[in-house]
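The following block contains the structure, expressed as structure tokens.
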Amino acid sequence: MDFKKTKGLTDAPLHYCPGCTHGIIHRLVAESLEELGVLDRTVGVASVGCSVFTYNYFNCDMVQAAHGRAPAVATGIKRARPDDIVFTYQGDGDLAAIGTAETVHSAARNENITIIFVNNAIYGMTGGQMAPTTLPNQITQTSPYGRDVTVVGYPVKVCEMLSQVDGASYVERVAVNNVKNIMKAKKAIKKAFQNQIEGKGFSLIEVLSTCPTNWGKSPADAIKWLDENMATYYPLGVYKDKEATKND
Amino acid sequence: MAKVTFNEDRCKGCGLCVTACPKKIVQLSNRMNSKGYHPAEITNQEACIGCASCAIMCPDTVITVQMK
């Protein structure tokens, strides 16, 4: 097969660490927008965290929101400009911690936006602190003996939580740790944008991602660790698809 | 036949393409690029089946695959 860089990405070199799978997810989003022919009317909302500089990388209009507020900003843009395609690109520290309220309520209102949620089970940009999605017993800078669930509680499972919200239209969890999963992730992300074009409402794609630097692993070991640990705690699959269940 | 090219100065030498190649013909070279990383290279262009797994796995879109 032929493969060349999508026009949906700019020529700016990504600032991410070697082996960070953010780059793969950027490419999947950009390719989906290009293939759907909506790049010239897309507005992306960048978040806070490693993905704060996404406005340099996506070849569409971008806004940078305050920490966790991307779904609220996206709501405003979509309501003011309903013909635009609006997406947010958020990490787990942004979406599942400080931005939980915005996320849940934008789902409850069934806002016609697309959320790309990158879950790497750690705070990457600030140096590897424990995140809401850090696995039980996982070692981080602020849980040096492993996450003790009796003290700090359990990880937040965003897809499972949002699947119980009546408003949400499409919620799926994918991973980018091997070629097969990347193809599936692409399909899910493209469907999430297609849903928005068709006016079907709130779509969220959770992408299990790696953080080799803060996990203290090589990139090759990190994708293996994702498969063996994260994918078992956060099972992949479609958690909600209103369209598919409508005819049941 | 497929032709694989690496935009070497963009490569960060993470080696994810090496793990993805089903033919095991991608490796990290001994030389350094302008960023100080060992860039990935193809060892046997003739053996490439053009599956683009390396390009799909690459986080920095360094790799281009062309079918001839």
Side-chain angles (χ1 to χ4, degrees), chain A residues 1-31 34 50-51 57-59 118 120 175-187 207 209-213 215 217-227, chain B:
Chain A
M1 67 186 267
D2 281 330
F3 185 99
K4 61 174 188 182
K5 189 171 173 173
T6 164
K7 289 190 182 72
L9 291 173
T10 63
D11 277 336
L14 304 181
H15 73 284
Y16 302 113
C17 303
C20 170
T21 47
H22 257 310
I24 301 175
I25 305 163
H26 279 33
R27 181 173 61 76
L28 299 182
V29 172
E31 280 179 355
E34 189 191 8
C50 290
S51 55
Y57 307 139
F58 285 116
N59 217 349
V118 180
N120 60 6
V176 286
N177 61 322
N178 58 45
V179 174
K180 190 178 149 204
N181 281 345
I182 292 173
M183 305 286 241
K184 282 189 186 168
K186 167 79 182 290
K187 214 174 138 200
V207 189
S209 177
T210 64
C211 184
T213 301
W215 289 359
K217 291 176 169 45
S218 71
D221 287 344
I223 54 171
K224 225 177 282 169
W225 191 87
L226 186 156
D227 193 43
Chain B
M1 209 190 89
K3 188 175 185 327
V4 182
T5 44
F6 293 79
N7 184 358
E8 286 199 353
D9 279 339
R10 287 291 177 90
C11 180
K12 294 173 184 162
C14 72
L16 287 184
C17 52
V18 179
T19 67
C21 179
K23 289 292 188 186
K24 307 286 170 222
I25 51 171
V26 182
Q27 67 174 20
L28 297 183
S29 70
N30 288 324
R31 62 181 181 282
M32 274 187 184
N33 65 10
S34 58
K35 286 187 191 166
Y37 295 118
H38 294 287
E41 62 181 8
I42 185 159
T43 56
N44 182 359
Q45 188 74 69
E46 305 297 309
C48 177
I49 54 171
C51 67
S53 293
C54 52
I56 290 167
M57 202 67 207
C58 176
D60 293 277
T61 43
V62 164
I63 306 169
T64 307
V65 183
Q66 262 182 315
M67 299 302 282
K68 283 186 196 162

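A note on names: the letters A, B, ... follow the listed sequences, proteins ahead of strands, and every chain is numbered from 1. It should be emphasised that the depicted structure is a prediction, and the values quoted were computed from it without experimental measurement.
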**Asked** Between A:Val176, A:Ile24, A:Ile223, A:Asn178, which has the largest tally of heavy atom pairs under 4.5 Å with chain B?
**Response**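 The residue among A:Val176, A:Ile24, A:Ile223, A:Asn178 with the greatest pair count is A:Ile24.
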**Asked** Would you find a donor on one side and an acceptor on the other, under 3.5 Å apart, between the side chain of B:Lys12 and the backbone of A:Cys20?
**Response**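 Side chain of B:Lys12 to backbone of A:Cys20, a donor-acceptor pair under 3.5 Å: no, none is there.
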**Request:** Search all heavy atoms of A:Asp2 against all heavy atoms of B:Met67 and return the closest pair with its distance.
**Result:**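 Minimum heavy-atom separation between A:Asp2 and B:Met67: OD1-N, 2.6 Å.
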**Message:** Counting neighbours of CG on B:Asn30 that are heavy atoms of other residues, nucleotides or ligands and sit closer than 6.0 Å, is the number greater than 12?
**Reply:**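 Open.
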**Asked** Can you tell me how far NZ of A:Lys180 sits from OG of B:Ser53, rounded to the nearest 0.5 angstrom?
**Response**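 Between atom OG of B:Ser53 and atom NZ of A:Lys180 there are 13.0 Å.
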**Prompt:** Should we count NZ of A:Lys5 as having more than 12 external heavy atoms under 6.0 Å?
**Reply:**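 For A:Lys5, atom NZ is crowded (more than 12 foreign heavy atoms under 6.0 Å).
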**Request:** Quick one: which of B:Gln66, B:Arg10, B:Lys3 has the most heavy-atom pairs under 4.5 Å with chain A, could you say?
**Result:**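 Sorted descending by pairs with chain A, the first entry is B:Arg10.
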**Message:** Less than 4.5 Å to any heavy atom of chain B: does that hold for the side chain of A:Ile25, its backbone, both, or neither?
**Reply:**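 Neither; nothing under 4.5 Å.
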**Heavy-atom contact with chain B under 4.5 Å, split by part of A:Ile182** =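 For A:Ile182, side-chain heavy atoms alone lie under 4.5 Å from chain B.
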**Neighbour count above 12 (heavy atom, 6.0 Å) for A:Lys217 NZ** =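 Buried by this count: over 12 neighbours within 6.0 Å.
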**Prompt:** Is any side-chain heavy atom of A:Thr21 less than 4.5 Å from a side-chain heavy atom of B:Pro59?
**Reply:**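 They are not in side-chain contact.
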**Prompt:** How about residues 19-27 of chain B versus chain A: which residues have heavy atoms under 4.5 Å apart?
**Reply:**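 So the qualifying residues are B:Thr19, B:Ala20.
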**Prompt:** So do the side chains of A:Arg27 and B:Ile56 get within less than 4.5 Å of each other, counting heavy atoms only?
**Reply:**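 Yes, close enough: below the 4.5 Å cut-off.
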**Item:** Heavy-atom contact with chain A under 4.5 Å, split by part of B:Ile49
**Value:**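 No part of it gets close to chain A.
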**Prompt:** Quick one: what part of B:Ala55 sits under 4.5 Å from any heavy atom of chain A, side chain, backbone, both or neither?
**Reply:**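 Both parts, backbone and side chain.
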**Prompt:** Side chain, backbone, both or neither: which part of B:Cys58 has a non-hydrogen atom closer than 4.5 Å to chain A?
**Reply:**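 B:Cys58 touches chain A through backbone heavy atoms alone.
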**Request:** For B:Tyr37, check side-chain hydrogen bond (donor to acceptor under 3.5 Å, both in side chains) against everything at least two apart and list the hits.
**Result:**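 In terms of side-chain hydrogen bond (donor to acceptor under 3.5 Å, both in side chains), with neighbours along the sequence ignored, B:Tyr37 is linked to no residue.
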**B:Cys14: which of A:Pro212, A:Pro18, A:Cys17 passes side-chain contact (heavy atoms from CB on, under 4.5 Å)** =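 Passing option: A:Pro18.
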**Asked** Taking atom NZ of B:Lys35 as the centre, does the number of heavy atoms from other residues, nucleotides or ligands within less than 6.0 Å exceed 12?
**Response**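 Yes, the 6.0 Å shell around NZ holds more than 12 heavy atoms from other groups.
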**Request:** Nearest 0.5 Å please: distance from the CG atom of A:Asp11 over to the CG atom of B:Asn7.
**Result:**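 A:Asp11 CG to B:Asn7 CG: 9.0 Å, rounded to 0.5 Å.
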**Message:** Surrounding CE of A:Met183 (heavy atoms of other residues, nucleotides or ligands, distance under 6.0 Å), is the total greater than 12?
**Reply:**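 No, because the 6.0 Å sphere around CE of A:Met183 holds 12 heavy atoms or fewer from other groups.
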